[in-house]
Amino acid sequence: MMDWTAAAADLLAIRNDNSVSITIRRGASTLSAQTVRIAGAGAASGGTVDPGGLQQAVGRVLVLGTTSLNIQAGDRFTSGGNLYEVVIVQQNKRAAVVAEAKLVQ
């Protein structure tokens, strides 16, 4: 049986080891700042094809927060001078919230 309390404590320690504060923009709204850990910043994974047919690298990051992290697909935030858009939020939120975001610019 999984000890979700211990898992949450471990993930909180990981988040706090290198935490940053982000402010999420959701449509026309801006949420209060939230503390997260962003992993994989600057790593290019996959790619997209722009309308002109040119291949463009897309930076992907994981965003780790506590179970109270308010984040949804389509949200945008800036970190390290880069703009990211949330692509997916993992469904299992018993120990933490983990989202994947792509570099927009």
Side-chain angles (χ1 to χ4, degrees):
M1 186 163 134
M2 181 67 171
D3 183 349
W4 293 110
T5 302
D10 291 344
L11 290 167
L12 180 62
I14 291 168
R15 185 208 69 176
N16 289 342
D17 183 50
N18 193 16
S19 64
V20 296
S21 179
I22 62 170
T23 303
I24 292 175
R25 293 180 298 285
R26 182 174 297 153
S29 301
T30 301
L31 306 181
S32 297
Q34 300 180 86
T35 302
V36 299
R37 178 173 182 156
I38 298 177
S45 63
T48 61
V49 178
D50 68 13
L54 300 175
Q55 187 72 17
Q56 171 184 329
V58 178
R60 298 264 180 173
V61 296
L62 292 178
V63 181
L64 171 67
T66 64
T67 56
S68 64
L69 178 62
N70 185 354
I71 194 166
Q72 298 176 3
D75 287 350
R76 289 182 167 213
F77 64 90
T78 302
S79 178
N82 296 311
L83 176 63
Y84 293 93
E85 181 175 335
V86 177
V87 178
I88 190 168
V89 178
Q90 292 183 5
Q91 296 300 313
N92 185 349
K93 300 176 183 176
R94 289 188 258 182
V97 173
V98 179
E100 183 177 334
K102 67 178 180 179
L103 181 64
V104 176
Q105 74 181 76

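Nothing here was measured: the structure is a model prediction, and the numbers come from that model.
Between A96 and L64, the shortest heavy-atom distance links the atoms CB-CD1, 3.7 Å. Shortest non-hydrogen contact noted between R60 and V87 is NH1-CG2, 3.5 Å. For the pair V89 and A73, the tightest heavy-atom approach, listed with the atom from each and the gap, is CG2-N, 4.0 Å. When all heavy atoms of V104 and Y84 are compared, the pair lying nearest together is CG2-C, 4.0 Å. The shortest non-hydrogen separation linking A99 to I71 is CB-CD1, 4.0 Å.
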Just distance, no hydrogens or angles: give the donor-acceptor pairs under 3.5 Å from side chains in residues 24-37, sequence neighbours left out.
from : atom 1 : to  : atom 2 : distance (Å)
R25  : NH2    : T78 : OG1    : 3.3
R26  : NE     : D75 : OD1    : 2.8
R26  : NE     : D75 : OD2    : 3.4
R26  : NH1    : N70 : OD1    : 3.2
R26  : NH2    : N70 : OD1    : 2.9
R26  : NH2    : D75 : OD2    : 2.8
Q34  : OE1    : N70 : N      : 2.8
Q34  : NE2    : N70 : O      : 3.0
R37  : NH1    : I14 : O      : 2.8

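A heavy-atom distance below 4.5 Å is found between the side chains of V20 and I38.
Note that CZ of R76 is 15.5 Å distant from OG1 of T23, once rounded to the nearest 0.5 Å.
With sequence neighbours left out, I88 forms a side-chain contact (heavy atoms from CB on, under 4.5 Å) with E100.
If you run side-chain contact (heavy atoms from CB on, under 4.5 Å) between F77 and each of L83, N82, V86, only V86 comes through.
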